[in-house]
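Residue numbering restarts at 1 for every chain, and letters A, B, ... go by the order of the sequence lines. Any value given below was found using the heavy atoms of this structure, including those in side chains, with hydrogens, waters and symmetry copies removed.
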Number of protein chains: 2
Amino acid sequence: MSDDDDLVFKALADPTRRALLDRLFVRDGQTLTELESELAMTRFGVMKHLRLLEDAGLVVTRRQGREKLHFLNPVPIRSIHDRWIDKYTEHHTATLLDLKAELERDDPKEKP
Amino acid sequence: MSDDDDLVFKALADPTRRALLDRLFVRDGQTLTELESELAMTRFGVMKHLRLLEDAGLVVTRRQGREKLHFLNPVPIRSIHDRWIDKYTEHHTATLLDLKAELERDDPKEKP
DNA sequence: AGAATAGGTGACCAGATGGTCACATGTCAA
DNA sequence: TTGACATGTGACCATCTGGTCACCTATTCT
């Protein structure tokens with residue numbers, strides 16, 4: 001069944017952790033204290049979340065003196081995609097999303 | 001922050017629900033009872049999981065008499081991919097995965 | 001009509017999860 | 001070497017989650 005991805009899905013299930021990935025997607029290599037300052041949560045909470053992201057392989061780290069730098073790793077995300085997106089229908093799915101994005105751009109916040 | 005995807009990530013966080021998606025990926029349009037028969041869990045548990053998958057848009061359904069048919073919807077999966085995979089590095093990431101797959105094919109279960 | 005089949009609801013409970021704190025270790029700079 | 005800074009650990013608690021059951025509705029078959 002290939003579910004060693006369990007850590008990845010569990011890690012992605014929390015909005016705070018997804019926000020952390022978003023921050024790293026914008027600017028890679030941030031420290032714990034930098035990330036904490038944007039997140040309305042104590043340092044300990046952020047640390048726990050980063051730990052889970054690291055265990056899942058979604059974030060890789062490098063020590064630099066007393067600092068620990070965090071980097072986003074996109075590989076596990078790509079694996080999720082490949083699990084349920086058939087090569088032959090991939091183009092069709094991407095096209096649907098493009099259409100959705102275009103509709104939302106044309107009619108912003110429309111309430112039917 | 002675009003986190004109306006919360007239901008999607010929560011739905012994917014459970015191994016039983018991922019297994020259900022796997023089953024539908026193999027054969028689409030199954031009923032609740034068919035899916036239950038493969039899953040070592042009572043009908044009620046499976047029903048709860050399918051409900052969450054449906055709320056998240058990962059599964060779409062169609063009623064046919066007293067049966068309810070379940071179909072896999074790949075669109076939300078593609079959205080996850082697009083959130084953190086940069087268009088410009090996408091090819092690089094896919095290449096890394098291909099390499100990983102090839103290595104695991106050549107050296108099955110090697111313990112370094 | 002009556003029985004069998006497919007699906008649905010609400011309550012309930014054990015166990016997992018998110019967040020905080022007191023306290024501890026390692027690192028840099030004056 | 002003393003103090004400030006960056007990160008780490010273990011315990012603790014309120015809340016969420018996964019799974020089951022008693023009971024109910026709707027559809028099909030004989």
Review point. Is any NZ, NE, NH1 or NH2 atom of the basic residue among B:Arg27 and B:Glu38 found under 4.0 Å from an Asp or Glu carboxylate oxygen of the other?
Key: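 B:Glu38 and B:Arg27: not salt-bridged.
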
Check your understanding: Salt bridge check: are A:Arg83 and A:Asp5 linked by an N-O gap of less than 4.0 Å?
Key ->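 Looking at A:Arg83 and A:Asp5, the cut-off is met.
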
Review point. Distance check: side-chain N/O of A:Arg63 vs OP1/OP2 of D:dG8, anything under 4.0 Å?
Key: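 Yes.
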
Rounding to an integer number of Å, can you tell me how far [X] [atom1] sits from [N] [atom2]?
| X | N | atom1 | atom2 | value |
| --- | --- | --- | --- | --- |
| B:Arg51 | C:dG8 | CZ | P | 10 Å |
| B:Leu32 | C:dT5 | CG | P | 15 Å |
| B:Glu34 | C:dG7 | CD | C1' | 13 Å |
| B:Glu67 | D:dC29 | CD | P | 10 Å |
| B:Glu36 | C:dG8 | CD | C1' | 14 Å |
| A:Gln64 | D:dT7 | CD | C1' | 15 Å |
| B:Met47 | D:dG18 | CE | P | 16 Å |
| B:Leu7 | D:dT17 | CG | C1' | 15 Å |

Check your understanding: What do the steps show when you test A:Asp22 against A:Arg18 for salt bridge (charged side-chain N to carboxylate O under 4.0 Å, His left out), and what is the final call?
Key -> CA-CA 6 Å; A:Asp22 288 336; A:Arg18 295 195 295 277; over 6 Å; no

Point to revise | B:Leu20 CG to B:Met41 CE distance, which is reported to the nearest 0.5 Å | key: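 Taking CG in B:Leu20 and CE in B:Met41, the distance rounds to 7.5 Å.
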
Got a list of protein N/O to nucleotides 14-20 of chain C N/O distances below 3.5 Å?
| residue | atom | partner | partner atom | Å |
| --- | --- | --- | --- | --- |
| C:dG18 | OP1 | A:Arg17 | NH2 | 3.2 |
| C:dG19 | OP2 | A:His49 | NE2 | 2.4 |
| C:dG19 | N7 | A:Lys48 | NZ | 3.0 |
| C:dG19 | O6 | A:Lys48 | NZ | 2.3 |
| C:dT20 | OP2 | A:Thr42 | N | 3.1 |
| C:dT20 | OP2 | A:Thr42 | OG1 | 3.0 |

**Study point:** Over all atoms of both residues, closest heavy-atom pair of A:Phe25 and B:Trp84
**Key:**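 Closest approach of A:Phe25 to B:Trp84, heavy atoms only: CE1-O, 3.4 Å.
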
Exercise for review: Indicate if B:Leu21 and B:Leu52 have the same hydrophobic cluster label, given that clusters are the connected sets of ILVMFWY residues with side-chain heavy-atom separations under 4.5 angstrom.
Suggested key: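 Unlinked, B:Leu21 and B:Leu52 end up in two clusters.
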
Check your understanding: The side chain of B:Thr33 lies closest to which of these nucleotides: D:dG8, C:dT9, C:dA6?
Key ->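 Taking heavy atoms from C-beta onward, the closest nucleotide is C:dA6.
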
Review point. Quick one: does B:Arg66 reach the base of C:dT5 with a side-chain donor-acceptor pair under 3.5 Å?
Key: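 Yes, a donor-acceptor pair under 3.5 Å.
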
Practice item. Compare all side-chain heavy atoms of A:Ile80 with those of A:Leu12 and state whether any distance is below 4.5 angstrom. Key: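 Yes; the side chains approach each other to less than 4.5 Å.
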
